[in-house]
Amino acid sequence: MNKKTQVTSANFMLHGGDYNPDQWLDYPEILADDIRLMKVANTNTFSIGIFAWSALEPTEGHYQFEWLDQIFENITSIGGRVILATPSGARPAWMSEKYPEVLRVDAYRRKQLHGGRHNHCFSSAIYREKTQQMNRLLVERYGNHPSLLMWHISNEYGGECHCDHCQEAFREWLRVKYLDNLKALNHAWWGPFWSHTISDWSQIESPSPIGESMVHGLNLDWRRFVTDQTIGFYENEIVPLRELTPDIPITTNFMADTFDLIPFQSLDYSKFSKHLDVISWDAYPAWHNDWESTANLAMKVGFINDLYRSLKQQPFLLMESTPSGVNWHPVNKAKRPGMHLLSAMQMVAHGSDSILYFQWRKSRGSSEKFHGAVVDHDNNSNNRVFQDVARVGDTLENLSEVVGTNRQADVAILYDWESNWALNDAQGFGMETKQYPQTLQEHYRYFWEQDIPVDVITKEEKFDSYRLLIVPMLYLMSEETIERLKSYVANGGHLVMSYLSGIVNEHDLTYLGGWHQSLQDIFGLEPKETDTYYPTDENVVIFQGHAYTVKDYATVISAKGAKVEAIYQKDFYAETAAVTSHSYQEGKAYYIGARIEASFQRDFYSQLVSDLQLEPVWKVKHEEGVSVQAREDLTNYYMFVMNFTEQKQSIEFESTVYDMKSNEELNRQQELTPYEVLIVRRPK
Ligand code: GAL
């Protein structure tokens, strides 16, 4: 884990971003300015061609690559590198006109008109053929270009199509999955419910609001199919690239869901990540919003970073971010002074080897003309945003040593896309309060506050290397996952699980005969029922003599050998177990039966961390709102001390550290101004 993994051939931090010269081909003076300004901004890497299909193939079969040749040369002339995109994220109008099958059909079965982007049918044979053809031309022309650093496949894959081709593909996917056995499908989908038994494959339709699907097995399989079909489309795109440039890494830009900063919901990235060489993602947190503290938002960004980094256990890339505001939040606020460097360094601290932006130059027209960019409409390098970008570039130049370094964690939190889908589909519990990703972030919070590194892993990962594995609200659990968790504990692992875990199997069918026996063995208890609260309902649990408030969910537990750690104070289950622990073979398993306020997580985990001696490895004393994150190689920790508060903060290093820029030993006591970040090296 301490060894370096360089994810691209660049041994420097990438700085730059989405560059759309295809919007400016009639403005040669602007294109010339771009190249001049790129140097001034200390940038070195540009993603090009993302939405350039109509500039590359203005009419069918007539190609124009000369402009792109020139852009390659321009970037090369300043020693820059190119991340070349395949343009399938948006297609030219001629294609939609001539081959309407490339257009998506929505869940209401309405055929979409040409417009927008990210709206093609993933099953369309024609669109697959056209993209592969275009990608082959791109790789033939630029595959050997010395400045080509990486492939950027399409853009932010997402969404779904319900056209006839997709219906057929879905049926075929199901036949493969259920081995052509309709009985097995009907069983998995609990067919007889509301007479949904299917007597022929042709009756299967994707879920739709018109004829709402209450068949949870169908909904779950549809989501799995959409992920597989998207991956299939992507795999088709990369055929010529793998063939002609096997050594050029491939990525596609992942997302978070909305500005709320939870993992992207509609595709199972744990599956998709297996097909990529490098994980990259687009981060647009709403800094300075009016509903949460800066530190709270920073914690959520940290969580996603740790999830996406853990997908491949190697550095990732920040593929897009804004140097200032965006154009699609409800309020598009500019970053306050200091925030740009701080937010950029937070990404690097968690494992990013790049700071890339959307966009290099603000577009002149259409919907993104007011989206933050490095170069504004003033075409000037003297404004605040440009200067902030140049400063980030300058800082990154001192961080080449950090490229390829990773992080090592003894603690893991398990995130599962499928379980989230199934839980959201479940009609029961509190319809608004399930909040699975947010709940995981609540558990992550303590470790983020204490500077204890965490991997956010998926269920396919190995558990054994972690001292502590936290599995809140894992509603859907296959027998296989249950058995893996059991052997994790049996072999000495410490497992924390919560209410609403282990309720359904991989078909979204409930387990029969009570909680799964293996879970009962591990935890020494059985959850009997889960009480759901109105927003005004509350309970209280007492843990180690302190009272904590319970909201939303409380599970009534029948302890069968488990030690009771906390008890409820109210209601018909007053005086019964709310939190338990249980030794199982070599390990120990903790069950948190209720949704308890944050201070409980703090006290509970702080006890556990001290029992397991999982002290923060980076050892910096600080107050709340300062985060210390680090990357490491064999000899050094590279520590980022970040002040996510609007106040000055005093910090103290507990060992000798050196400034990354000057290499000079630093005074152990330091004062950070609001939003300041200090980057230091601590020899191991
Ligand atoms: C991303 C997208 C970019 C740009 C950006 C604006 O989701 O990939 O093309 O639209 O949002 O924030």
Side-chain angles (χ1 to χ4, degrees), residues 14 16-24 45-56 83-91 115-120 150-159 230 233-234 237 250-267 269 272 276 278-289 297 301 304 308 316-335 339-340 343-344 347 352 354-377 385 389:
L14 311 181
D18 283 21
Y19 177 34
N20 302 308
D22 41 306
Q23 291 179 19
W24 299 94
T45 301
F46 295 91
S47 311
I48 45 179
I50 298 175
F51 298 113
W53 201 326
S54 65
L56 294 169
I83 298 176
L84 186 56
T86 66
S88 66
R91 66 193 165 279
R117 60 173 178 174
H118 301 162
N119 52 8
H120 51 272
M150 184 157 71
W151 290 106
H152 176 304
I153 309 304
S154 201
N155 192 63
E156 294 189 337
Y157 283 115
T230 307
F233 183 89
Y234 156 92
E237 281 217 40
I250 294 182
T251 191
T252 186
N253 44 346
F254 283 175
M255 295 173 262
D257 223 42
T258 74
F259 54 92
D260 207 23
L261 267 285
I262 55 173
F264 187 59
Q265 304 284 284
S266 1
L267 292 176
Y269 282 168
F272 207 157
L276 309 178
V278 183
I279 302 295
S280 64
W281 78 284
D282 302 344
Y284 293 104
W287 296 114
H288 322 293
N289 66 49
L297 181 54
V301 178
I304 303 196
Y308 291 175
F316 61 92
L317 299 178
L318 174 67
M319 187 57 82
E320 291 181 22
S321 60
T322 175
S324 187
V326 295
N327 68 332
W328 52 270
H329 290 174
V331 171
N332 298 291
K333 196 163 172 131
K335 284 181 181 168
M339 181 47 85
H340 184 49
S343 57
M347 307 305 289
S352 178
S354 69
I355 297 298
L356 299 168
Y357 307 112
F358 177 86
Q359 49 194 339
W360 164 253
R361 179 182 286 278
K362 219 173 240 191
S363 102
R364 183 164 186 200
S366 299
S367 66
E368 288 182 332
K369 61 179 175 292
F370 300 121
H371 190 289
V374 181
V375 184
D376 210 327
H377 298 136
V385 171
V389 167

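Numbering of ligands and ligand atoms starts at 1, following listing order.
Applying the salt bridge (charged side-chain N to carboxylate O under 4.0 Å, His left out) definition to pairs two or more places apart or across chains, those involving residues 255-264 are Asp260-Lys300.
With sequence neighbours excluded, the residues satisfying ring pair (Phe, Tyr, Trp, His ring centres under 6.0 Å) with Tyr269 are Phe254, Phe264, Tyr308, Trp417. Taking Lys362 as the reference, Asp376 meet the salt bridge (Lys or Arg N to Asp or Glu O under 4.0 Å) condition, with sequence neighbours excluded.
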Could you pull out the N/O contacts under 3.5 angstrom between ligand 1 and the surrounding protein atoms?
unit_1: ligand 1; atom_1: 7 (O); unit_2: Glu156; atom_2: OE1; d: 2.4
unit_1: ligand 1; atom_1: 7 (O); unit_2: Glu156; atom_2: OE2; d: 2.7
unit_1: ligand 1; atom_1: 8 (O); unit_2: Asn155; atom_2: ND2; d: 2.8
unit_1: ligand 1; atom_1: 8 (O); unit_2: Glu156; atom_2: OE1; d: 3.2
unit_1: ligand 1; atom_1: 8 (O); unit_2: Glu156; atom_2: OE2; d: 3.3
unit_1: ligand 1; atom_1: 8 (O); unit_2: Glu320; atom_2: OE1; d: 3.2
unit_1: ligand 1; atom_1: 8 (O); unit_2: Glu320; atom_2: OE2; d: 2.8
unit_1: ligand 1; atom_1: 9 (O); unit_2: Arg117; atom_2: NH1; d: 2.8
unit_1: ligand 1; atom_1: 10 (O); unit_2: Arg117; atom_2: NH1; d: 3.3
unit_1: ligand 1; atom_1: 10 (O); unit_2: Arg117; atom_2: NH2; d: 2.8
unit_1: ligand 1; atom_1: 10 (O); unit_2: Glu368; atom_2: OE2; d: 2.3
unit_1: ligand 1; atom_1: 12 (O); unit_2: Trp328; atom_2: NE1; d: 2.7
unit_1: ligand 1; atom_1: 12 (O); unit_2: His371; atom_2: NE2; d: 2.6

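Of the residues listed (Phe358, Trp328, Trp360), the one engaging His371 in a ring pair (Phe, Tyr, Trp, His ring centres under 6.0 Å) is Phe358, and it is the only one. Across Asp18, Leu356, Val326, a single residue satisfies side-chain contact (heavy atoms from CB on, under 4.5 Å) together with Glu320, and that is Asp18.
Panel note: side chain His377, backbone Ser363; a donor-acceptor pair is recorded below 3.5 Å.
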